[in-house]
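Beneath this line is the structure, given in structure tokens, with notes to follow.
Model, not experiment: these values are computed from the prediction.
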Amino acid sequence: MKRYIKLFTFLSLLFAILLLLAGLMAHGGRAATRETRPVGVRLSPGSMDVGTLEARQTLTLKFELVNATDSPIRVLGSSGRCNRVACLDAGPGELPCSIPGASSRNIEVTLAVSNPGVFAHEITLYTDCPGQPEVGLVVSGIVVERIGSM
């Protein structure tokens, strides 16, 4: 019985080595590496919790729009979200805009809060970046009538 266990262990190890060698040969003799450079377009930060806010105020939030491609892109427009608690949209005069390859640009987003409640709204920016026509960002928070009245 011990002899079969040793044979099985040897064959399993041999099979694992053959799989490893086949993988190396498939990648031209080099180990597969993961691409570390971000691809496409992204907003930084990708989300933001603004915490607790008093009702009936407007904030301007700043985000960095990063073009990690080698080509220039255009941001053509945006789509925000509104409900009875909050309204989120790109700031006036922000779009359309262009961003050179391997570059970034600050984007202002306007958040208007009106009534008490909880919100988590996404704003979507539309780009001409191949393979990534949209990039989104979520802003969340709590709106109270007055701070300290929770």
Original post:
Quick one: does Thr52's side chain get under 4.5 Å of Ile147's, heavy atoms only?
Top reply: yes
Original post:
Side chains of Glu64 and Ser44: is there a donor and an acceptor less than 3.5 Å apart?
Top reply: no
**OP:** Look up atom CG in Leu111 and atom CG in Leu88, then write down how far apart they are to the nearest 0.5 Å.
**Re:** 6.0 Å
**OP:** Hey, could you give me the SG/CZ distance between Cys129 and Arg42, rounded to the nearest 0.5 Å?
**Re:** 13.0 Å
Original post:
So if you build clusters from Ile, Leu, Val, Met, Phe, Trp, Tyr with side-chain heavy-atom gaps below 4.5 Å, do Ile123 and Leu61 land together?
Top reply: yes
Subject >> Member of Val135, Val109, Ile107, Asp89 meeting the side chain to side chain contact (heavy atoms under 4.5 Å, CB included) criterion with Ser78 >> reply: Asp89
**OP:** Quick one: pull up CG in Leu137 and CG in Leu125 and give me the separation to the nearest 0.5 Å.
**Re:** 7.5 Å
Original post:
Is a side-chain donor or acceptor of Asn67 paired with a backbone partner of Val41 at a separation under 3.5 angstrom?
Top reply: no
**OP:** Any chance you could measure His121, atom NE2, to Cys87, atom SG, to the nearest 0.5 Å?
**Re:** 7.0 Å
Original post:
Are the charged groups of Glu108 and Lys62 less than 4.0 angstrom apart, N to O?
Top reply: yes
**OP:** Please answer: with hydrophobic residues joined when any side-chain heavy atoms are less than 4.5 Å apart, are Leu59 and Val144 in the same cluster?
**Re:** no
Subject >> Spacing of CZ belonging to Arg81 relative to CZ belonging to Phe119, to within rounding of 0.5 Å >> reply: 11.0 Å
Original post:
So do Ile142 and Leu53 actually touch side chain to side chain, heavy atoms under 4.5 Å?
Top reply: no
**OP:** Report yes if the side chains of Arg84 and Ser114 come closer than 4.5 Å at any heavy-atom pair, otherwise no.
**Re:** no
**OP:** Indicate, with yes or no, if Leu76 and Leu65 share a hydrophobic cluster defined by side-chain heavy-atom contacts under 4.5 Å among Ile, Leu, Val, Met, Phe, Trp and Tyr.
**Re:** no
Original post:
So do the side chains of Pro72 and Ile99 get within less than 4.5 Å of each other, counting heavy atoms only?
Top reply: no
Subject >> Candidate list Val143, Val113, Val139, test side chain to side chain contact (heavy atoms under 4.5 Å, CB included), partner Val50, passing option >> reply: Val139
Original post:
Side chains of Arg105 and Cys97: closer than 4.5 Å at any heavy-atom pair?
Top reply: yes
**OP:** Quick one: pull up OG1 in Thr127 and CZ in Arg74 and give me the separation to the nearest 0.5 Å.
**Re:** 11.0 Å
Original post:
Taking C-beta and beyond as the side chain, do Tyr126 and Ser79 meet within less than 4.5 Å on heavy atoms?
Top reply: yes
**OP:** Grab the two heavy atoms, one from Pro133 and one from Gly131, that are nearest each other, plus how far apart they are.
**Re:** CD-C, 3.7 Å
